[in-house]
S.K.: 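Below you will find the structure I want to go over with you.
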Amino acid sequence: MTFEDAQFAREQLVKGCVKMESLLRGLLDSKGRIAEEVHATRKLGKSLRGGFTLFGLAKISSPEIQVIGRLLAGPRDAVSRYSTWEKLAWQGGAAAHEIGALLEQQTHSAARRPPLETVDWCIERVKSARIPLEALPAAMLEERIMQGLKRLEMRVVKRCGILQHGDQEKFHDARKALKAYLGAIGFLPEGAVLLDPKLLELPELLGDENDLATLSFWLKSHGFTAEFVPDLWSRLQNFRQALQKQIIAEVATLLNFSDL
């Protein structure tokens with residue numbers, strides 16, 4: 001990693017913040033699809049959080065971005081739940097129709113654009129996140145990036161390694177660690193870090209697993225428990241267990257994380 005690489009990374013991260021401000025303003029436009037726009041905004045936000053961690057600003061700037069993602073989670077979560085439900089393709093008679101109809105209704109209800117005041121508040125959060133980054137002395141950037149990259153790598157190794165030992169509750173943590181690591185690398189010059197292509201596929205699998213977990217929580221909270229729809233829960237658990245096994249197998253091939 002060179003001084004020029006560090007300067008480049010900061011410039012790209014600042015540009016990413018500017019882009020997020022633009023995306024947030026775009027949420028007020030009546031054209032387009034709100035769920036897709038929110039998804040793009042939240043996806044960029046996850047990358048920005050990784051970028052701030054790269055510069056040692058995880059505790060200062062990252063929370064400013066994280067709160068935006070949480071605030072905008074409703075529309076995206078509704079769409080993800082419905083999409084996951086359709087992939088599950090459970091044919092459960094009246095119960096299936098009731099669940100599907102309710103999930104679909106919630107996607108329509110969630111497709112409302114946030115008010116101007118909310119967007120303005122989110123934009124202020126992005127601007128606040130940028131201030132410490134832009135204030136970092138140039139002489140500190142290279143060391144900050146080296147330390148930040150090492151920290152992100154170690155987090156990936158730790159959280160994915162836990163999966164390999166059968167900790168079934170940690171898939172979400174592994175996904176967050178990978179997203180932050182890959183997001184951070186995206187701000188570095190091309191070729192600065194060499195990656196196994198399979199590492200790029202793993203977050204998608206972990207995302208599918210997380211979607212199943214989110215749907216499971218929604219079903220329980222809306223009364224569709226195993227007591228009332230046992231066949232659904234059997235299918236859901238089979239899907240999730242198969243996906244978890246696939247993820248663990250992928251992690252096993254990647255746990256030569258010396259290649260990270």
S.K.: Within the side chain of Arg10, is there an N or O that forms a donor-acceptor pair under 3.5 Å with the backbone of Leu136?
M.R.: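 Answer holds: yes.
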
S.K.: Between Lys127 and Glu124, is any pair of side-chain heavy atoms under 4.5 Å apart?
M.R.: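 Yes; the side chains approach each other to less than 4.5 Å.
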
S.K.: Quick one: does any side-chain atom of Arg49 pair with a main-chain N or O of Pro63 as donor and acceptor, under 3.5 Å?
M.R.: no

S.K.: Can you see which heavy atom on Trp90 is nearest to which on Val229, and at what distance?
M.R.: CH2-CG1, 4.0 Å

S.K.: In this structure, would Val193 and Leu178 fall into the same cluster of hydrophobic residues linked by side-chain contacts under 4.5 Å?
M.R.: yes

S.K.: CD/Glu209 to OG1/Thr84 distance, rounded to the nearest 0.5 angstrom?
M.R.: 11.0 Å

S.K.: Report the distance from atom OG of Ser62 to atom CZ of Phe55, rounding to the nearest 0.5 Å.
M.R.: 12.0 Å

S.K.: Are any of the side-chain heavy atoms of Ile123 and Val119 separated by less than 4.5 Å?
M.R.: yes

S.K.: Rounded to the nearest 0.5 Å, what's the gap from CZ on Arg70 to CG on Asp77? Could you check?
M.R.: 12.0 Å

S.K.: Using the salt bridge (Lys or Arg N to Asp or Glu O under 4.0 Å) definition, which of the options Lys59, Arg130, Arg125 pairs with Glu64?
M.R.: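 Looking at Lys59, Arg130, Arg125, the match for Glu64 under the salt bridge (Lys or Arg N to Asp or Glu O under 4.0 Å) is Arg125.
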
S.K.: If hydrophobic clusters are built by linking Ile, Leu, Val, Met, Phe, Trp and Tyr wherever their side-chain heavy atoms come under 4.5 Å apart, do Leu28 and Ile34 end up in the same one?
M.R.: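 Yes; Ile34 is reachable from Leu28 via cluster members.
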
S.K.: Distance check, rounded to the nearest 0.5 Å: Leu205 atom CG versus Leu243 atom CG?
M.R.: 6.0 Å

S.K.: Locate the shortest heavy-atom distance separating Gly50 from Leu152; write the atom from each residue and the value.
M.R.: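 The pair with the smallest heavy-atom distance is O-CD1, 4.0 Å.
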
S.K.: Flag this pair as yes if the NZ/CZ of Arg81 is under 6.0 angstrom from the six-membered ring centre of Trp85 and inside a 45 degree cone about the axis; otherwise no.
M.R.: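 No; the conditions do not both hold, so Arg81 does not lie above the ring face of Trp85.
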
S.K.: Are Leu182 and Pro203 close enough that some pair of their side-chain heavy atoms sits under 4.5 Å apart?
M.R.: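 Yes; the side chains approach each other to less than 4.5 Å.
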
S.K.: With side-chain contact (heavy atoms from CB on, under 4.5 Å) as the criterion, how do Leu141 and Ile145 come out once you've worked through the C-alpha distance, each side chain's angles and the decisive distance to 0.1 Å?
M.R.: CA-CA 6 Å; Leu141 298 182; Ile145 280 188; 5.6 Å; no

S.K.: May I ask whether Val126 and Ile131 are part of the same hydrophobic cluster, defined by side-chain heavy atoms of I, L, V, M, F, W, Y residues being less than 4.5 angstrom apart, directly or through others?
M.R.: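 No; Ile131 is not reachable from Val126 via cluster members.
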
S.K.: Using side-chain contact (heavy atoms from CB on, under 4.5 Å), reason through Leu48 and Leu44 one step at a time and then give a plain yes or no.
M.R.: CA-CA 6 Å; Leu48 292 180; Leu44 176 58; 4.3 Å; yes

S.K.: Is the shortest side-chain heavy-atom distance between Leu24 and Leu72 below 4.5 Å?
M.R.: yes

S.K.: How many angstroms lie between CD in Glu86 and CD in Glu104, if you round to the nearest 0.5 Å?
M.R.: 7.5 Å

S.K.: Is there a side-chain contact between Ile162 and Asp173, using heavy atoms and a 4.5 Å cut-off?
M.R.: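 The answer is no; the side chains never approach within 4.5 Å.
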
S.K.: Determine whether Met154 and Leu54 fall in the same hydrophobic cluster, where Ile, Leu, Val, Met, Phe, Trp and Tyr are linked whenever their side-chain heavy atoms lie under 4.5 Å apart.
M.R.: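 Per the 4.5 Å side-chain linkage, Met154 and Leu54 are not co-clustered.
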
S.K.: What heavy-atom pair brings Phe52 and Cys17 nearest, and what distance separates the two atoms?
M.R.: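 Looks like CZ-SG, 3.7 Å.
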
S.K.: Would a distance-only check, ignoring hydrogens and angles, find a side-chain to backbone donor-acceptor pair under 3.5 Å from Arg113 to Asp29?
M.R.: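 Flag set: sc Arg113 to bb Asp29 pair under 3.5 Å.
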
S.K.: Take Phe228 and Leu219 through the test side-chain contact (heavy atoms from CB on, under 4.5 Å) and record every step on the way to the result.
M.R.: CA-CA 11 Å; Phe228 295 103; Leu219 289 167; over 6 Å; no

S.K.: Would you say the side-chain atoms of Ser47 pair up with the backbone N or O of Gly183, donor to acceptor, closer than 3.5 Å?
M.R.: no

S.K.: Above 12 or not: heavy atoms from other molecules or residues under 6.0 Å from CD of Glu134?
M.R.: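 Yes, because the 6.0 Å sphere around CD of Glu134 holds more than 12 heavy atoms from other groups.
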
S.K.: I need the minimum non-hydrogen distance between Ala129 and Ile65, along with the two atoms involved.
M.R.: CB-CD1, 4.0 Å

S.K.: Got a donor-acceptor contact below 3.5 angstrom from the Asp5 side chain to the Thr2 backbone?
M.R.: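 Yes; judged by distance alone, with no hydrogens or angles, the pair exists.
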
S.K.: Closest approach of Ile60 and Pro132, non-hydrogen atoms and distance?
M.R.: CG2-CG, 3.6 Å

S.K.: For a quick test of your reading: what N or O donor-acceptor pairs under 3.5 Å do the side chains of residues 210-218 make, sequence neighbours left out?
M.R.:
residue: Asn210; atom: OD1; partner: His172; partner atom: ND1; Å: 3.1
residue: Thr214; atom: OG1; partner: Asn210; partner atom: O; Å: 2.9
residue: Ser216; atom: OG; partner: Leu212; partner atom: O; Å: 2.8
residue: Trp218; atom: NE1; partner: Gln106; partner atom: OE1; Å: 3.1
residue: Trp218; atom: NE1; partner: His222; partner atom: ND1; Å: 3.4
residue: Trp218; atom: NE1; partner: His222; partner atom: NE2; Å: 3.4

S.K.: Donor-acceptor check, side chain of Thr41 to backbone of Glu37, threshold 3.5 angstrom: yes or no?
M.R.: yes

S.K.: Atom OG of Ser61 and atom CG of Leu13: how far apart are they, to the nearest 0.5 Å?
M.R.: 8.5 Å

S.K.: Among side-chain atoms of Gln147 and Glu143, is any donor-acceptor pair under 3.5 angstrom?
M.R.: yes

S.K.: Does Ser83 use its side chain to pair, donor to acceptor, with the backbone of Val79 at less than 3.5 Å?
M.R.: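 No: the side chain of Ser83 does not pair with the backbone of Val79.
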
S.K.: Determine yes or no for a side-chain-to-main-chain donor-acceptor pair under 3.5 angstrom, with Arg159 supplying the side chain and Ala174 the backbone.
M.R.: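 The answer is no, because no donor-acceptor pair under 3.5 Å joins these two groups.
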
S.K.: Would you find a donor on one side and an acceptor on the other, under 3.5 Å apart, between the side chain of Trp121 and the backbone of Ile68?
M.R.: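 Side chain of Trp121 to backbone of Ile68, a donor-acceptor pair under 3.5 Å: no, none is there.
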
S.K.: Any idea which heavy atoms bring Arg151 and Thr53 closest together, and the distance?
M.R.: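 Closest approach of Arg151 to Thr53, heavy atoms only: NH1-O, 4.1 Å.
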
S.K.: If two hydrophobic side chains count as joined below 4.5 Å and joins carry through other members, does Leu188 share a cluster with Leu200?
M.R.: yes

